[in-house]
Amino acid sequence: MELLLRLQNISKSFFGVQVLKNVEFELFKGEVHALLGENGAGKSTLIKILSGAYKADSGEIIFDGRKIQLNYRPRTAEDLGIVTMYQNFHLVPHLSVAENVALRAFTTERGAFVDWRAVNKEARAALENIEFAIDPTSKVKDLSIAKKQMLEIAIALSKNARVMIMDEPTAALSRKETATLFGMIERLKRKGIGIIYVSHKLEEIREIGDRVTILRDGQNVGTLKVRDAQLKDIVKLMIGRELASNQQSTDRVKERLVLVLKNIRSEHFRAPLALRVHENEILGITGLIGAGKTELARVMFGADRIDEGEIYLDGRAVRLRGPRDAVRLGIGYLPEDRDSKGLCLNLGVKENLSLAWFAKLGSVLLDRTAENRMVRRVIESIKLKAGSADEQVKYLSGGNKQKVVLGKWLEADCKVLILDEPTIGIDIGARRDIYGLVERFISKAGRGVVFISSDIDEILEIADRIVVMSNYRAVAELKAGEANKQAIMELAMGRMSDRN
């Protein structure tokens with residue numbers, strides 16, 4: 001195979017903390033080279049150096065046989081054919097699909113008028129390239145997360161890429177959409193395009209990867225051929241130790257109910273929906289994208305209004321006029337989109353951890369001594385990797401951001417925690433930390449957890465009982481020990497197929 005890209009001795013520090021240490025990385029034409037590592041291992045920094053967003057402190061980038069200088073110029077990287085698809089969307093919500101596809105041309109071509117026919121034609125061609133059927137005139141803000149992800153892919157491919165960097169491209173995609181993406185990756189490989197693929201889903205790497213490089217603490221700790229790599233070896237390189245299994249108690253669940261939804265109807269739930277959560281139970285909710293899982297979470301947290309039905313907390317009927325009522329009553333919510341809905345990115349770790357605590361106290365008088373004591377306790381409890389309690393959360397890795405969102409609820413004396421895709425986009429080590437925090441929360445009397453995930457393997461591992469959703473209905477309830485992946489998939493797809 002012909003060498004396309006080489007990174008030599010790449011190092012980078014921020015505020016005196018070394019994030020990358022003499023990293024070596026190679027990419028061949030027509031290769032999928034996976035980049036793995038725990039959150040905070042340096043993957044995002046390496047990607048941003050290669051995309052031109054950051055400048056390396058030392059080292060060289062050799063592209064197509066010659067040394068290149070990007071130096072804080074992402075446009076230079078794109079002109080060379082190095083295109084990056086970041087995990088967080090880089091789309092303009094109030095513009096149309098076609099305008100987002102053509103946005104780069106708007107900034108480079110002179111002229112007072114826009115040829116909208118040409119713009120829409122270009123957008124259709126880009127979308128057809130990935131077999132993605134959508135109206136180019138649709139507003140991006142009206143698209144689902146999965147459709148936004150597919151649009152990002154279409155835009156990246158429209159830039160004549162020679163190197164494509166894909167950062168968690170399937171995080172919000174259904175199985176069908178993921179299969180479409182993998183088929184497209186195979187076509188790109190045949191064209192000689194090199195792909196750097198970042199994912200925490202190790203089964204994906206085994207399916208499409210050729211080689212895998214693992215980063216740990218900012219260093220390349222190993223590059224392996226995927227066909228020769230064992231899962232346990234990859235995990236050990238990532239976290240520096242053998243991964244302990246998740247030990248789940250089978251007899252902890254009590255008969256007492258902590259949360260009950262009875263005949264709930266809302267804007268999304270036209271058919272009555274019922275749900276119950278027992279004391280010390282982790283109730284798993286799963287289903288395909290668009291099944292209504294997030295909408296269910298929003299109803300339970302008072303973010304969406306219910307038209308009919310009742311909600312009971314600890315046997316008492318409660319009225320949720322909004323999230324403030326939910327917090328006051330002891331219901332916590334970790335949203336799917338942590339950056340925009342779960343965190344105040346420009347505030348520090350301390351302020352974010354204190355938000356739910358102060359809301360629960362309901363006091364206008366701030367006890368800073370008690371707050372500092374609480375923050376120190378939570379940071380230690382959740383094993384947070386941060387420079388200090390004052391570090392802005394926007395600088396944290398994905399896994400550490402998720403720990404902050406969860407950590408703020410752990411000190412708010414919640415009775416029920418609603419976790420919507422709590423491990424999406426985080427590495428296997430951080431995922432185990434999240435599981436451990438959930439298990440610790442659920443071990444105390446009077447508590448219950450609603451754990452929502454599209455990852456069926458995850459639901460089978462962590463849940464005591466499983467509810468399968470499809471088309472805004474709860475179509476089945478299964479005991480975790482009696483469920484299997486195939487049965488859950490058939491249930492999740494069944495009602496969707498009935499609808500089509």
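All values below were derived from every heavy atom in this structure, side-chain atoms included, with hydrogens, water molecules and symmetry-related copies excluded. The model shown is predicted, which means the values in this text are computed figures rather than measured ones.
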Where [X] and [Y] come nearest, the two heavy atoms and their spacing:
X: Leu384; Y: Asn400; answer: CD1-O, 3.4 Å
X: Leu181; Y: Pro169; answer: CD2-CB, 3.9 Å
X: Pro422; Y: Leu334; answer: CA-CD2, 4.0 Å
X: Gly287; Y: Ser454; answer: O-OG, 3.9 Å
X: Met469; Y: Gly292; answer: CE-O, 3.8 Å
X: Val349; Y: Ser388; answer: CG2-O, 4.2 Å

Going from [atom1] on [X] to [atom2] on [Y], what distance comes out if it is rounded to the nearest 0.5 angstrom?
X: Arg377; Y: Leu410; atom1: CZ; atom2: CG; answer: 11.0 Å
X: Leu347; Y: Leu353; atom1: CG; atom2: CG; answer: 11.5 Å
X: Arg298; Y: Ile306; atom1: CZ; atom2: CD1; answer: 14.0 Å

Please answer whether the main-chain N or O of [Y] pairs with a side-chain N or O of [X] as donor and acceptor at a distance below 3.5 Å.
X: Trp409; Y: Tyr333; result: yes
X: Arg252; Y: Ile442; result: no
X: His278; Y: Val253; result: no

Count the heavy atoms belonging to other residues, nucleotides or ligands that lie under 6.0 Å from [atom1] of [X], then report whether that count exceeds 12.
X: Glu267; atom1: CD; value: no
X: Lys121; atom1: NZ; value: no
X: Lys394; atom1: NZ; value: yes
X: Arg324; atom1: CZ; value: no
X: Glu203; atom1: CD; value: yes

Item to check | Derivation of the salt bridge (charged side-chain N to carboxylate O under 4.0 Å, His left out) call for Asp325 and Arg328 | outcome: CA-CA 5 Å; Asp325 285 343; Arg328 178 177 53 82; 3.4 Å; yes
Taking the side chain as every heavy atom from C-beta outward, state whether [X] and [Y] have any atom pair closer than 4.5 Å.
X: Lys444; Y: Arg447; answer: yes
X: Phe441; Y: Asn280; answer: no
X: Leu259; Y: Leu275; answer: no

Just by distance, with hydrogens left out, do [X] and [Y] show a side-chain donor and acceptor under 3.5 Å apart?
X: Lys408; Y: Asn352; result: no
X: Gln402; Y: Thr423; result: no
X: Asp304; Y: Ser266; result: no

Item to check | Summary of salt bridge (Lys or Arg N to Asp or Glu O under 4.0 Å) pairs that have at least one residue in residues 274-292, sequence neighbours excluded | outcome: Arg256-Glu279, Arg276-Glu477, Glu281-Arg465
Item to check | Partners meeting side chain to side chain contact (heavy atoms under 4.5 Å, CB included) with Asp142 (sequence neighbours left out) | outcome: Lys139
Residues [X], [Y]: salt bridge by 4.0 Å N-O rule:
X: Lys403; Y: Asp433; value: yes
X: Arg431; Y: Asp455; value: yes
X: Asp420; Y: Lys293; value: no

Next on the checklist: Using side-chain hydrogen bond (donor to acceptor under 3.5 Å, both in side chains), reason through Glu99 and Ser96 one step at a time and then give a plain yes or no.
Outcome noted: CA-CA 5 Å; Glu99 288 168 323; Ser96 70; 3.2 Å; yes
Item to check | With sequence neighbours excluded, residues passing ring-ring contact (aromatic ring centres under 6.0 Å, His included) with Phe269 | outcome: Tyr472
